[in-house]
Q: 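Got a structure for you, written out below as structure tokens; questions coming shortly.
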Amino acid sequence: MERGMISVDRWGEGSQVYFLTHLHADHTVGLSPRWNKGPVFCSHISARLFHHKFPGFDTSLIRTLEIGQWYSLSLVSLTTGSQTKVEVMSIEANHCPGAVMYLFRGVFGITLYTGDFRWEVTSETTQMGKNMLLKALKNDKIDTIYIDNTYCNPSYSFPSREVAAQQVVNIINTYPEHDIIIGIDTLGKEDLLLYISKILNIKIWVWPERLQTMHLLGLHDNFTTKSTLTRVRAVPRYSFSVETLEGLNTMHPTIGIMPSGLPWKLKGKDKSCDLSSLKTETGNDLHMNMRNRYTNNIEKYHQYIYTVPYSDHSCFSELVEFVKYLCPNNIKGIVSSSLSYIDPCYHLHNIYGTSSLFPKHLIKEERARVEGECESTLSCDSFTQVKLKSKRIKHSRLHLRKTRVSLLRRFKRGAKLTTEDCSDD
DNA sequence: GCGATCAGTT
DNA sequence: CACAACTGATCGC
């Protein structure tokens, strides 16, 4: 992509067109109701949710794209100053409602920006995305994939959301007399709640604003704001804490369930997990065996709290499948926070194109190459953040060390940290 | 009042 | 231990 032309999920100055993958807060930093920098392209569902999230947003700036359809844009190349054609197609990302990837085709070649996505082979949505990509690309090869590297490390492994949803149902069934609370965000995990609602044939309580979101998503039957109607409540994740659960339990026995890709652990406490009391609904042994590998992921985080590996991001093996399927020339991580922006690419490049690991003597070289590559994806945002952070005196030791290391490392490598890096690709 | 940034939380 | 996604406090304007 050429700088100054296209921004995806970045809302700083200096682009001709802006693309939104989905409406989670960490992808909309800089977007506000008074946005006026340029047209915002997004999916129909995101467009529908837009006004809820940003009341008063200038509707004339929103351009909705039909999924799986090519659109042509005429942009100005900042390097040549002349008009250039860019084609774009949005593809189902299977992350949260309205989430899409963007496939771009232009003078810069073919670029796929995945945004956050889940590449779940058992999911129909993923199959749709797969077919769209196949159809869109024909025999062409993607030059660069900007990939959701959130869980791009072999240590991250979790089951399909269908399996995880059943785990949640199993936990709920284990406590027939308990109230249940489930931690969720402002968007996402609707399928999990729907599954629970349908299997157990109950409504699920959500807070009033969340009910509005449900209605905007066309979900009218399975949710309620009347707490007397149900024992299962979905609550904002930030109000879901050990204290909350302990407080609730002084009034009525209550179990909390956290759906998350990461197995949370309570610091220094007993991590033991009593799964013996958990039964499958069907008692199906095969089902049980299939899940066996993952059962350890159901953690009893606390006396009253379970965590279940229900993730809206791809796990490592899914990322591997994705990359193998598309065979791009280049891979760059989107998530550049903390120290994770190096390892992810490293892991993917290791498996990419070959079933075995690189010979030991090549690994160092490969790592250096990959690290250099990832370096170029650094945004000025993260740089200024680092600069500001290192100036501060009051800071946790860990943070201070981290920023120093990464500042030093970036400086040593001579990474270009100009506004050029900020805007797009 | 506003956006930007940071700390803290699960 | 980590992550994503979010809230609330604080700062500068």
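We name chains A, B, ... by the order of the sequence lines, and we start the count at 1 in each one. Keep in mind that the numbers below use all heavy atoms, side chains included, and drop hydrogens, waters and symmetry copies.
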Q: Which nucleotide, dA2(C), dC6(C), dA4(C), lies nearest any side-chain atom of D185(A)?
A: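 From the listed options, dC6(C) comes nearest.
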Q: dC6(C), OP1 or OP2 - any side-chain N/O from T186(A) closer than 4.0 Å?
A: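 Indeed, a polar side-chain atom of T186(A) lies that close.
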Q: Side chain of D26(A): nearest nucleotide among dC6(C), dC3(C), dA5(C)?
A: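 Nearest to the side-chain atoms of D26(A), counting from C-beta on, is dA5(C).
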Q: Nearest to the side chain of Y238(A) - dC3(C), dC6(C), dT10(B)?
A: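 Of the candidates, dC6(C) comes closest.
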Q: Do Q166(A) and Y195(A) get their side chains close enough for a donor-acceptor pair, meaning under 3.5 Å?
A: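 Yes, because at least one side-chain N or O of Q166(A) sits under 3.5 Å from a partner of the opposite role on Y195(A).
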Q: Among dC3(C), dA5(C), dT10(B), which nucleotide has an atom closest to any side-chain atom of H27(A)?
A: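 Of dC3(C), dA5(C), dT10(B), dA5(C) is nearest to the side chain of H27(A).
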Q: Is any side-chain N or O of S241(A) closer than 4.0 Å to OP1 or OP2 of dT9(B)?
A: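 No, S241(A) has no side-chain N/O under 4.0 Å of OP1/OP2 on dT9(B).
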Q: Would Y156(A) and F316(A) count as a close aromatic pair, with their ring centres under 6.0 Å?
A: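 Between Y156(A) and F316(A), the centre distance exceeds or equals 6.0 Å.
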Q: From the options dA5(C), dT10(B), dC3(C), select the nucleotide whose nearest atom is closest to the side chain of M258(A).
A: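 So the nucleotide nearest the side chain must be dT10(B).
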Q: Using OP1 and OP2 only, check whether a side-chain N or O of H313(A) sits under 4.0 Å from dA5(C).
A: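 Checking H313(A) against dA5(C): at least one side-chain N or O falls below 4.0 Å of OP1 or OP2.
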Q: Is the F117(A) to F322(A) ring centre distance short of 6.0 Å?
A: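 Yes, the ring centres sit under 6.0 Å apart.
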Q: Within the pair H95(A) and dA5(C), is there a side-chain N or O less than 4.0 Å away from OP1 or OP2?
A: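 Result: yes.
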Q: Which residues pass the salt bridge (Lys or Arg N to Asp or Glu O under 4.0 Å) test with D185(A), sequence neighbours left out?
A: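 Per chain and number, D185(A) pairs via salt bridge (Lys or Arg N to Asp or Glu O under 4.0 Å) with R237(A).
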Q: For S32(A), report the nucleic acid contact type (base, sugar-phosphate, nothing); a contact means any heavy atom under 4.0 Å.
A: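 It contacts sugar-phosphate atoms only.
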